[in-house]
Number of protein chains: 2
Amino acid sequence: MSDLGFVSPQSLHFAEPLALRSGQQLADYTIVYETYGTLNAERSNAVLVCHALNASHHVAGRYENQARSEGWWNNLVGPGKPLDTDRFFVIGISNPGSCFGSTGPMHPNPASASGRPYGADFPVMTVEDWVDAQARVIDRLGIDTLAGVLGGSLGGMQALAWALRHPTRLRQCIAVATAPNLSAQNIAFNEVARRAIVTDPDFHGGHFYEHGVVPRRGLTVARMIGHITYLSDDAMEAKFGRDLHAAALGYTTRDTEFQIESYLRHQGDKFSEYFDANSYLLITRALDYFDPAREHGGDLTATFAAARCRFQLVSFSTDWRFAPARSREIVKALVDNQLDVSYAEIDAPHGHDAFLLEDPRYHGVLRASFDNLAREVGATGAAP
Amino acid sequence: MSDLGFVSPQSLHFAEPLALRSGQQLADYTIVYETYGTLNAERSNAVLVCHALNASHHVAGRYENQARSEGWWNNLVGPGKPLDTDRFFVIGISNPGSCFGSTGPMHPNPASASGRPYGADFPVMTVEDWVDAQARVIDRLGIDTLAGVLGGSLGGMQALAWALRHPTRLRQCIAVATAPNLSAQNIAFNEVARRAIVTDPDFHGGHFYEHGVVPRRGLTVARMIGHITYLSDDAMEAKFGRDLHAAALGYTTRDTEFQIESYLRHQGDKFSEYFDANSYLLITRALDYFDPAREHGGDLTATFAAARCRFQLVSFSTDWRFAPARSREIVKALVDNQLDVSYAEIDAPHGHDAFLLEDPRYHGVLRASFDNLAREVGATGAAP
């Protein structure tokens, strides 16, 4: 196994508007993406990797002359890695509405004569809209059928939506640590995070760009809430417990005392320096709205009757954000439809975050899944 | 069973300073309290009820000419109720630092010549400090030994602290839905709530009183976070699920869409209208700091060697804030010390909130416990 080395993002411009589920449309937009490995002559070895809230097209490799620029799933994607770029042509795409290059709320709104940024006027995006935007990129790359679509968390929802919206355009859907929809508790956490952002006086109704400020307080709190839900109770206990940090003063309401506090505050502060507040609202809303069974009266089995591809699902025992029970709901619906599904419930202590970590059992499952897929599409590539 | 009818708060002034664990002291303070029932001739039938974050001395009954003024534990305390005021003399005390009458951050700081409110300069209070303040009130009421000390959640921590600090001054400790200390995750949620408050520009470093504003945005977010942790995932799912509220617009990041969102927002807004921001910081810090085993190297068995009274512990199956496992830690330590302990784990769907609700199994346990206690102290009173 080795790393990809230096990679570079590319971009595509789309003049034709993208019709959205909200009834609105996204006009004249740009999509930033990266690819790793080589598309084979049959164009059969492409795997799309869908990103979650705080990620982008930059899945693997590093950028030249840029420290700490490793892709977010670099432990999984690369030469000889479970998703082996010696065999597969891997594609990462930044979703529109996010804040890492593709058209988003910080870009000029074409409806504004003065070129005012979209801000809060960026159209509401859904998981299905993102999948449609991704499909257009795949079209442009001249790929008819993807070998696989892989994603974790919100990325897993996109992988599921691919299987439902473009059933014949993928051979395998690999959905990790995901759910068929958000629970009331999931929505509740999202709403508190959004509330922290929109009530920050620096939010300015979503048009903070023009004021030269960023709702950093709100973003920090939002990230801290999110971060708690990414970790398991046990992992937090094992890592921090009730330990005081080195500079703890003793008996204060003004400063942090416990390590868990300073850790969370650091995570929140860091996040608030680079993430866009409007993107946070848009992406958490896409999570809230995802519910493919809604059009089928809540019947998940009827929903997945549309699917044709093979499925690999993975969940993690201590993930309380998207608990294994949520993956099992999907597995049941797939089995009901006599679809080919493999499901692994990984006993891992790290909570939801586990999907981004290198766990031998987890990566073993994905490696086996991609090995099968490689044989099927004749993507033998270099020996690992 | 009937209600107490109209009740009235009383107050006591303490000129002698209260020494605090922080090394500071609380000088010249007032404590507001209520009592229900009659203290018997032997002064043996008094039960102290300790309050949690969002409660006060007003445990039961109603205030005359005040709508919706029912005490916070009125379903448990009253004539013929599990804690029967025909038998027991029940005492509710507002803790100093809170915001319902006893001296708190909104009151003049005696160290300030101009009578400036304490604000952020109110001394940090601990569970032990509150117990000492309560013991002084009990002294003034001429009571040597309490029949019982009862509390849920943070109130349960106070009941435990009574058993450790004043072991011979109570016959029974009744600690419901509590824990021997906060977990890292518990502290994390508190820290996010505090962060929302202190970063609200209207907080003014805790001296908002002088600015004629209230950090309402921060308090709202804090309460929303807290509220999520009071409810079980299942209870939230059963009550709200993914239902949209009546005025949902469809595809918006600006307004609430789901019922759970508007419910939480309403809870947060309501709370922000009456709760004091500095009290919120102080009380969550008291929760964070409570850890009687810390002085015993984390050994809970060694900690409870100091206890002498009988114990009744209760936990609720779906309480993920203070899970049954946390109560079992206490039970183990009590059993290790051959103390008399009864423990009930109630199968209830409501999460942490269950301790305030009327559940027949839960109330049955407390009724039996108080019936025993009544016999023991000769508090037969009127027939129920």
Side-chain angles (χ1 to χ4, degrees), chain A residues 20-24 120 122-124 126 181-185 187-192 194-196 198-201 205-206 217-218 220-221 224-225 227-228 231 233 236-237 239-242 250-254 256-261 264-265 268 278 281-282 284-285 288-289 291 294 320, chain B residues 20-24 120 122-124 126 181-185 187-192 194-196 198-201 205-206 217-218 220-221 224-225 227-228 231 233 236-237 239-242 250-254 256-261 264-265 268 278 281-282 284-285 288-289 291 294 320:
Chain A
L20 307 174
R21 275 172 84 97
S22 64
Q24 290 192 272
F122 197 86
V124 172
T126 65
N181 60 32
L182 293 199
S183 69
Q185 192 190 64
I187 297 172
F189 279 120
N190 279 349
E191 167 59 11
V192 182
R194 283 191 294 264
R195 188 79 173 154
V198 302
T199 61
D200 184 329
R217 292 170 288 234
T220 299
V221 169
M224 290 169 79
I225 296 167
H227 208 86
I228 296 175
L231 300 182
D233 192 7
M236 222 183 237
E237 201 61 31
K239 192 166 176 186
F240 303 104
R242 298 182 47 81
Y251 300 110
T252 171
T253 59
R254 303 181 198 213
T256 60
E257 286 271 279
F258 297 91
Q259 284 186 15
I260 178 65
E261 295 178 287
L264 271 186
R265 210 181 268 198
N278 285 307
L281 303 184
L282 281 164
T284 55
R285 262 299 182 223
D288 292 354
Y289 285 130
D291 190 8
R294 189 178 278 267
W320 61 280
Chain B
L20 307 174
R21 275 171 84 98
S22 64
Q24 289 192 272
F122 197 86
V124 172
T126 64
N181 60 32
L182 294 198
S183 69
Q185 192 190 63
I187 297 173
F189 280 120
N190 280 348
E191 169 58 12
V192 182
R194 282 191 294 264
R195 188 78 174 156
V198 302
T199 60
D200 185 327
R217 292 169 288 233
T220 300
V221 168
M224 289 169 78
I225 295 166
H227 208 86
I228 296 175
L231 301 181
D233 191 7
M236 220 182 238
E237 200 61 30
K239 192 166 176 187
F240 304 104
R242 296 182 46 82
Y251 299 110
T252 171
T253 59
R254 302 180 199 214
T256 60
E257 286 272 276
F258 296 91
Q259 284 186 16
I260 178 64
E261 295 179 285
L264 271 187
R265 210 180 265 200
N278 286 307
L281 303 184
L282 282 164
T284 55
R285 262 300 183 221
D288 292 355
Y289 285 131
D291 189 9
R294 189 179 276 267
W320 61 280

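So you know, we letter chains A, B, ... as the sequences are listed, proteins then strands, and number each from 1. As the structure is a prediction and not an experimental result, all values here were calculated from the model.
The candidate with the highest count of non-hydrogen atom pairs below 4.5 Å against chain B, out of A:Thr284, A:Val198, A:Thr252, is A:Thr252. Ranked by heavy-atom pairs under 4.5 Å with chain A, the list B:Arg217, B:Glu237, B:Arg285, B:Arg294 is led by B:Arg285. When A:Leu231, A:Asn190, A:Ile225, A:Asp200 are compared by the number of non-hydrogen pairs under 4.5 Å with chain B, A:Ile225 comes out ahead. Interface remark: of the candidates B:Lys239, B:Gln259, B:Met224, B:Met224 forms the most heavy-atom pairs closer than 4.5 Å to chain A. Looking only at heavy-atom pairs under 4.5 Å with chain B, the residue among A:Asp291, A:Leu282, A:Leu20, A:Thr256 that has the most is A:Asp291. Of the listed residues (B:Ala184, B:Gly206, B:Ala120, B:Gly241), the greatest number of heavy-atom pairs within a distance under 4.5 Å of chain A belongs to B:Ala184. Interface remark: of the candidates B:Met236, B:Arg254, B:His227, B:Arg195, B:Arg195 forms the most heavy-atom pairs closer than 4.5 Å to chain A. Chosen from A:Gly205, A:Ala188, A:Gly218, the residue pairing most often with chain B at heavy-atom distances under 4.5 Å is A:Ala188. Ranked by non-hydrogen atom pairs under 4.5 Å with chain A, the options B:Gly268, B:Pro201, B:Pro123, B:Ala196 are led by B:Pro201. With chain B as partner, the option from A:Leu281, A:Leu264, A:Leu182 having the largest number of non-hydrogen pairs under 4.5 angstrom is A:Leu182.
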Please report the C-alpha distance between B:Asp233 and B:Trp320 in whole Å, then the side-chain angles of each, then the deciding distance to 0.1 Å, and finally whether the side chain to side chain contact (heavy atoms under 4.5 Å, CB included) criterion is met.
CA-CA 9 Å; B:Asp233 191 7; B:Trp320 61 280; 5.6 Å; no
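For A:Thr126, the part sitting under 4.5 Å from any heavy atom of chain B is the side chain, from C-beta outward, and nothing else. For A:Val124, the part lying under 4.5 angstrom from a heavy atom of chain B is the side chain only. Both the backbone and the side chain of B:Asn181 come within contact range of chain A, each with at least one heavy atom under 4.5 Å from a heavy atom of that chain. With a 4.5 Å cut-off on non-hydrogen atoms, A:Arg242 touches chain B through its backbone and its side chain both. With a 4.5 Å cut-off on non-hydrogen atoms, A:Thr220 touches chain B through its side chain but not through its backbone. Looking at A:Phe189, both its backbone and its side chain come within 4.5 Å of chain B, counting heavy atoms on both sides. Using a 4.5 Å cut-off between heavy atoms, B:Asn278 does not touch chain A at all. For a residue to count as touching a neighbouring chain, one of its non-hydrogen atoms must lie under 4.5 Å from one of that chain's; by this rule A:Arg21 touches chain B with backbone and side chain alike. Heavy atoms of A:Tyr289 lying under 4.5 Å from chain B belong to its backbone as well as its side chain. Interface residue A:Glu257: backbone and side-chain heavy atoms are both found under 4.5 Å from chain B.
Between A:Phe240 and A:Ile260 the shortest heavy-atom distance is CD1-CD1, 3.6 Å.
Remark: B:Ser183 engages B:Asn186 in a side chain to side chain donor-acceptor pair (under 3.5 Å) (not counting sequence neighbours). B:Thr253 meets the side chain to side chain donor-acceptor pair (under 3.5 Å) test with no other residue; sequence neighbours excluded.
Here B:Glu191 contributes atom CD and A:Phe258 contributes atom CZ; the two are 10.5 Å apart, rounded to the nearest 0.5 Å.
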